[in-house]
Amino acid sequence: MFAVHLLAFYFSKLKEDQIKKVDRFLYHMRLSDETLRDIMARFQAEMQRGLGRDTNPTASVKMLPTFVRAIPDGSENGEFLSLDLGGSKFRVLKVQVSEEGKQKVQMESQFYPTPNEIICGNGTELFEYVADCLADFMKTKGLTHKKFPLGLTFSFPCRQTKLEDGVLISWTKKFKARGVQDTDVVSCLTKAMKNHKDVDVDILALVNDTVGTMMTCAYDDPYCEVGVIIGTGTNACYMENMSNIDLVEGDEGRMCISTEWGAFGDDGALEDIRTEFDRDLDLGSLNPGKQLFEKMISGLYLGELVRLVLVKMTKAGLLFGGKKSSSLHTKGRIETRHVAAMEKYKEGLANTREILTDLGLEPSEADCIAVQHVCTIVSFRSANLCAAALAAVLTRLRENKKLARLRTTVGVDGTVYKIHPQYPKRLHKVVRRLVPNCDVRFLLSESGSTKGAAMVTAVASRVQAQRKQVDRVLALFRLSREQLVGVRDQMRAELEYGLRRDTHLRATVKMLPSYVCGMPDGTERGNFLALDLGGTNFRVLLVKIRSGRRSVRMYNKIFAIPLEIMQGTGEELFDHIVQCISDFLDYMGLKGAPLPLGFTFSFPCRQTGIDKATLIEWTKGFKATDCEGEDMVDMLREAIKRRNEFDLDIVSVVNDTVGTMMTCAYEDPNCEIGLIAGTGSNMCYMEEMRNIEVVEGDEGKMCINTEWGGFGDNGCIDDIRTQYDKEVDEGSLNPGKQRYEKMTSGMYLGEIVRQILIDLTRQGLLFRGQISERLRTRGIFETKFLSQIESDRLALLQVRRILQQLGLDSTCEDSIVVKEVCGAVSRRAAQLCGAGMAAIVEKRRQDQGLEHLKITVGVDGTLYKLHPHFSWILQETVKELAPKCDVTFMLSEDGSGKGAALITAVAKRLQQEQKEN
Ligand code: BG6
Ligand code: BG6
Ligand code: GLC
Ligand code: GLC
C-alpha cells in the first residue's frame with residue numbers, strides 16, 4: 001500500500017517537474033486570455049481592413065466575397081456532382097437532393113489520390129488529372145447519359161466576381177502547381193474536361209471548403225452562419241451584411257465572406273507572439289512568409305512544430321539525455337495524427353513512447369511526459385488562436401445584427417478538429433470565455449463540405465433556370481433585322497393603302513389630309529393664340545411673330561385636365577378648355593382682343609379644310625363622350641359662346657405632328673416630316689398632291705397626318721405582338737385600336753413593363769413572388785421613370801430607390817431584372833418607330849426619283865426627349881433600314897404651339913389674299 005502511494009507520489013512529482021520544465025521552455029507559446037483578447041481585437045480590425053475598398057489591396061486578411069448569398073432553404077432539388085480538392089483528401093461525389101416532404105440527401109463518393117508530383121507539378125496536368133478522375137467517376141457510376149451541374153470545392157484563396165468563377169490568388173498548404181496562380185480555376189477545369197467528350201458537366205459554383213462546410217451544416221441547422229476548417233489548413237467564413245462589403249455592388253441582404261484568416265499576421269501583425277519555432281517552420285515551408293497564422297494552427301504544421309521543439313530541447317540536453325536521432329531531424333516525421341495520438345487521454349503516454357521509439361529514440365518515462373506536454377502546449381496554442389479569431393468573427397456577427405446576445409451555430413470540419421481528442425473541447429471552452437455574450441453551437445460537418453457545395457450548386461442551378469425564364473421573356477422583345485424589314489415594308493404598304501381613294505376609308509393607317517400646304521415664308525406676322533391639347537400637358541399660348549427678323553416670342557401657361565374631364569362629357573371638356581383660355585387671357589391682360597387662334601389637337605381628325613376637323617376617335621387617355629364624329633372647331637366655338645365672355649377667331653386645327661414639323665421647318669426648310677414619340681406616337685410628312693387621291697388637285701404638296709399609331713389594327717403585325725402587348729391593349733381605353741402606338745409610345749411602354757413584371761413575379765422570378773398592390777396599379781411606370789431606370793449613370797442602388805419610390809420593394813437582383821425589362825421594351829419601341837420612319841423616307845426618296853434623299857425630321861415628345869437610349873436607337877434603325885436616306889433629326893424645342901401659330905399666320909394671310917381678290 002505504502003509502495004503504491006510512494007510510486008504515485010514519485011510519478012506526480014516527476015510529472016510536475018517535466019511539466020514545469022516544458023512550460024518554462026515554451027513559455028512564449030502559452031497565451032493568456034488577455035493576449036487572446038488582444039489578438040481578437042487585432043483580427044477584428046483586420047477584417048474591417050479586408051472589407052474596405054481602399055484598404056483591401058494591402059490587407060493581409062483578404063475577406064473574399066464568395067457570391068453565396070443565401071443558405072439553403074430546403075427547396076433545392078436535383079442531382080449534382082461535386083469535387084472536393086484542397087483538403088487532405090480529394091473526392092468526387094454525386095449528390096441527390098430531393099424534397100419529398102422533408103429534406104433528403106443521398107450521396108455516392110469516391111476518393112482519389114493526389115500524388116505530390118501532380119499537386120506540385122504543371123498546372124495543366126493538375127487539372128487534367130482532376131478531369132480524368134471526374135470522368136472516371138462518372139463512367140463507373142454510369143453518369144454519362146446527361147449533363148450534370150457541378151460544384152467545385154476548391155480550398156484555396158480565390159478572388160471571385162461571380163459564383164462560377166475564381167482567380168487563384170496563391171496556392172497554400174501542400175499545393176504548388178505551376179501556371180495556375182492568377183488564372184480562373186473554373187476555366188482551367190472546363191478546358192481540361194474538353195478531353196472527355198463522353199461526359200458533360202456545367203460548373204455552376206466554385207466554393208471554398210469553409211463555405212461548403214457552412215452550407216452542409218446550414219442544411220441541418222438554419223442558425224448556421226459560420227464555417228470553420230481546422231484541417232490541413234485553417235480558415236473561416238461567415239455571413240456578412242452586403243452593406244459592409246465594399247467590393248461587391250448592392251447592399252441588400254448578406255453574402256458569405258471567406259476570411260482566409262490563415263494569412264493573418266503576414267504583414268507582421270503577429271510578430272510579438274510568433275516564436276523561433278514558427279520562424280524555422282516558415283522558412284522550411286513551400287510558401288515562406290505566407291499563411292503565418294495558419295502555420296501556428298493547422299494540421300499540416302502542428303506535428304512539425306512539435307518536432308522542431310523536440311529537436312531544440314534535445315540539443316539543450318532537456319530530452320533524451322541529449323541524444324539525437326536522424327529521424328527526429330527529418331522534416332515532416334511528426335505529423336498531426338501523432339500529436340493527436342500522444343495526447344489521447346488514457347493511451348497517450350504509451351502512444352508517445354511508441355512514436356518516439358519509432359523515431360529511433362530511447363525515451364525515458366520523464367521524456368514521454370515532457371513530449372506529451374509539448375504536444376499539449378502546441379495544440380492548445382492552436383486552439384487558443386483559432387478561438388480568438390473565431391471570437392472576433394462572432395462579435396462582428398453580433399454587432400452587425402445589433403444584438404446584445406447572439407445565438408448562432410458554427411459548422412466545423414477538418415482533421416485536427418475531428419481526430420484530436422482534446423481539441424474541440426478546448427476550442428469551445430475558450431470561445432465561450434472570450435465571447436460570453438454569444439450562445440454558440442458547434443456542429444461537426446459529418447459529410448464534408450461537398451454536400452454544402454452541392455447545395456450551393458443546387459441554388460445556382462435554380463437561379464440559372466430562373467435566368468433562362470427571364471431571358472425567354474425578354475427574347476420576345478428582340479426583333480431580328482428580317483422582322484424589322486418586314487415592319488418597314490408592311491408600313492409602306494399601309495401608307496399607300498391609306499392614300500388611295502378606294503381603300504382610304506378602311507385603312508388602319510388613316511393618312512389624313514391636313515390642308516396644310518405651304519411652309520411659312522418668313523413674311524408672317526402678328527399675335528396669335530394657340531391651344532395645345534393631347535400631349536402630357538395642356539397649354540394655352542400667346543405667340544408673337546415678327547416678320548423679317550424671323551423672331552417668335554411665346555408666353556404660355558400649362559393647365560391640368562383632370563381625369564374626370566378627359567373621360568367626362570364633351571361639353572364639360574370644352575367648357576374646361578374655354579375656362580383655361582379665359583384664365584390665360586386674364587392673366588395676360590388680353591380679354592377683348594379677338595385674336596386668331598391655332599388649335600393643336602393631337603387626335604385623329606378628318607379635315608375638309610384647315611379649320612374643319614371631325615374627330616374620328618379618341619386615342620391615348622381621352623374618352624370624352626359626344627365628341628367622336630363631331631367637328632372640334634364647332635365644339636370649341638359653342639363652348640366660347642356658352643361662356644359668352646370673349647370672342648376668338650379659330651383659324652386652324654392641326655395635329656401635333658404637323659405643328660412640330662412647322663415649328664422645325666421655320667428654322668430648317670428641309671424639314672418635311674414631323675414625328676411625335678411621346679404619350680402617343682404619330683408622324684406626318686409632306687406628300688405630293690397627285691398621290692393624295694382623296695383631295696382634289698395635283699399641284700404641289702400637302703401635309704398628311706399618317707396616324708400611324710393605328711398601324712397593325714388589321715392584325716398585320718400580330719406575329720411580333722406578345723401576350724404582354726395584348727394585355728396592355730385589353731386594359732386600355734380603346735382595345736384593339738392603336739396597336740403600333742401601344743408598342744411604341746410613352747403611355748404604354750410602362751404598362752408593357754408592368755405586365756411583364758407581373759408575369760415574372762407570378763412565375764416566382766421577381767419580388768419574392770409577391771404581386772403588390774402597387775404593381776397592380778395601372779400607369780405607375782410613367783415615361784420619366786422608365787427613362788430614369790435606364791439611365792446608364794445610375795448605380796443599381798439608385799434603381800432600387802426609384803423602384804421604392806414607386807412602392808416596389810425590390811432586391812438588387814430584382815432591380816437588375818427590372819432594368820433589363822425596361823431596356824428590352826424601350827429598345828423594341830425605338831426600333832419599331834425607326835422601321836416606320838424608314839418606310840416614309842424611302843417612299844419620299846422613291847417618289848422624287850432620287851438616288852439619295854436628304855431630309856430633316858422635326859421631333860417632339862417626352863419619350864424622345866427624356867429617354868437615354870430611345871433617340872439613338874431610333875436613328876440607328878433608320879440608317880440601317882433606309883441606307884439611301886440621310887435623315888437629320890431636329891428636336892422641336894418650342895413645342896407644336898409655335899407651329900400651330902405659324903400655320904394660323906399662313907392661313908390668315910391666304911384668307912386675306914382671298915378677300916382682297
Ligand atoms: C473535408 C471537406 O471534410 O474537410 C474538405 O470535405 C475540407 O472540403 C477538409 O477541405 C478539411 O480538412 P482536412 O483536414 O482534410 O484538410
Ligand atoms: C409637346 C407638343 O412638346 O409634345 C405637343 O407641344 C405634343 O403638341 C407633345 O403633343 C407630345 O409629347 P408628349 O410626351 O407630351 O405626349
Ligand atoms: C487554406 C486555404 C483556405 C482553406 C483552408 C482550409 O487556408 O487558403 O482557402 O479554406 O486552407 O482548407
Ligand atoms: C395619338 C394621336 C395622334 C397624335 C399622337 C401623338 O397617336 O392619335 O393624333 O399625333 O398621339 O400625340
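The chain is numbered in sequence order, starting from 1. Atoms within a ligand are numbered from 1 in the order they appear, just like the ligands themselves.
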Side-chain heavy atoms of C833 within contact of F870, under 4.5 Å: yes
Near [X], which atoms of ligand 2 are under 4.0 Å from a heavy atom of that residue?
X    : result
R539 : 6 (O)
T536 : 13 (P), 14 (O), 15 (O), 16 (O)
T862 : 12 (O), 13 (P), 14 (O)
G535 : 10 (O), 15 (O), 16 (O)
G895 : 3 (O), 6 (O)
G678 : 12 (O), 13 (P), 14 (O), 16 (O)
S602 : 10 (O)
D656 : 7 (C), 8 (O), 10 (O)

For T663 against S892, the heavy-atom pair lying closest together: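 T663 and S892 have their closest heavy atoms at CG2-OG, 3.9 Å.
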Can a donor-acceptor pair be found between the side chains of [X] and [Y] at a distance below 3.5 Å?
X    : Y    : value
T450 : T153 : no
N734 : K742 : yes
Y423 : S382 : yes
N705 : N682 : yes

Verdict with supporting geometry, V226 and L390, side chain to side chain contact (heavy atoms under 4.5 Å, CB included): CA-CA 9 Å; V226 182; L390 181 55; 4.0 Å; yes
Any donor and acceptor pair, going by atom type alone, linking the side chain of [X] with main-chain N or O of [Y] inside 3.5 Å?
X    : Y    : result
E741 : M747 : no
S445 : G448 : yes
D860 : I676 : no

Over 12 non-hydrogen atoms of neighbours within 6.0 angstrom of NZ in K290: no
More than 12 heavy atoms of other groups within 6.0 Å of K865 NZ: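 Result for NZ/K865: enclosed.
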L541 side, atom CG; N556 side, atom CG - distance, nearest 0.5 Å: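 Interatomic distance, L541 CG to N556 CG, rounded to 0.5 Å: 4.5 Å.
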Close approach, G746 and ligand 2, non-hydrogen under 4.0 angstrom: no
Sub-4.0 Å heavy-atom contact, K620 with ligand 2: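 No.
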Give the contacting part of [X] toward ligand 2: side chain, backbone, both or neither, where contact means a heavy-atom distance below 4.0 Å.
X    : result
I676 : side chain
D860 : side chain
D532 : side chain

Ring geometry between W261 and F293 (parallel below 30°, tilted from 30 to 60°, perpendicular above 60°):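 Plane angle over 60°, so perpendicular.
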Ring geometry between F559 and F538 (parallel below 30°, tilted from 30 to 60°, perpendicular above 60°):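 Ring orientation of F538 relative to F559: tilted.
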Pairwise salt bridge (charged side-chain N to carboxylate O under 4.0 Å, His left out) hits with a residue in residues 206-219, at least two apart: none
Listed partners of P424 passing side-chain contact (heavy atoms from CB on, under 4.5 Å), at least two apart: Y417, H428
Any N or O of S896 closer than 3.5 Å to N or O of ligand 2: yes
Polar proximity ligand 2 side, T600 side, N/O cut 3.5 Å exclusive: no
Please tabulate protein-ligand N/O pairs under 3.5 Å for ligand 4, atom names and distances to 0.1 Å.
from     : atom 1 : to   : atom 2 : distance (Å)
ligand 4 : 7 (O)  : S681 : O      : 3.4
ligand 4 : 7 (O)  : E741 : OE2    : 2.3
ligand 4 : 8 (O)  : T619 : OG1    : 2.9
ligand 4 : 8 (O)  : E707 : OE1    : 2.8
ligand 4 : 9 (O)  : S602 : O      : 3.4
ligand 4 : 9 (O)  : F603 : N      : 3.3
ligand 4 : 9 (O)  : N655 : ND2    : 2.8
ligand 4 : 9 (O)  : E707 : OE2    : 2.5
ligand 4 : 10 (O) : N655 : OD1    : 3.0
ligand 4 : 10 (O) : N655 : ND2    : 3.4
ligand 4 : 10 (O) : D656 : OD1    : 2.5
ligand 4 : 10 (O) : N682 : ND2    : 3.0
ligand 4 : 11 (O) : K620 : NZ     : 3.1
ligand 4 : 11 (O) : E741 : OE2    : 3.3
ligand 4 : 12 (O) : K620 : NZ     : 2.8
ligand 4 : 12 (O) : D656 : OD2    : 2.5

Just list the N/O pairs, ligand 1 to protein, that are under 3.5 Å apart, with the distance for each.
from     : atom 1 : to   : atom 2 : distance (Å)
ligand 1 : 3 (O)  : D413 : OD1    : 3.3
ligand 1 : 3 (O)  : D413 : OD2    : 2.5
ligand 1 : 6 (O)  : D84  : OD2    : 2.5
ligand 1 : 6 (O)  : S449 : N      : 2.9
ligand 1 : 6 (O)  : S449 : OG     : 3.3
ligand 1 : 8 (O)  : D84  : OD1    : 2.7
ligand 1 : 8 (O)  : D84  : OD2    : 3.1
ligand 1 : 8 (O)  : S449 : OG     : 2.5
ligand 1 : 10 (O) : D209 : OD2    : 2.7
ligand 1 : 14 (O) : T232 : N      : 3.2
ligand 1 : 14 (O) : T415 : N      : 2.9
ligand 1 : 14 (O) : T415 : OG1    : 2.5
ligand 1 : 15 (O) : S88  : N      : 2.8
ligand 1 : 15 (O) : S88  : OG     : 2.5
ligand 1 : 16 (O) : S88  : N      : 3.4
ligand 1 : 16 (O) : T232 : N      : 2.8
ligand 1 : 16 (O) : T232 : OG1    : 2.6

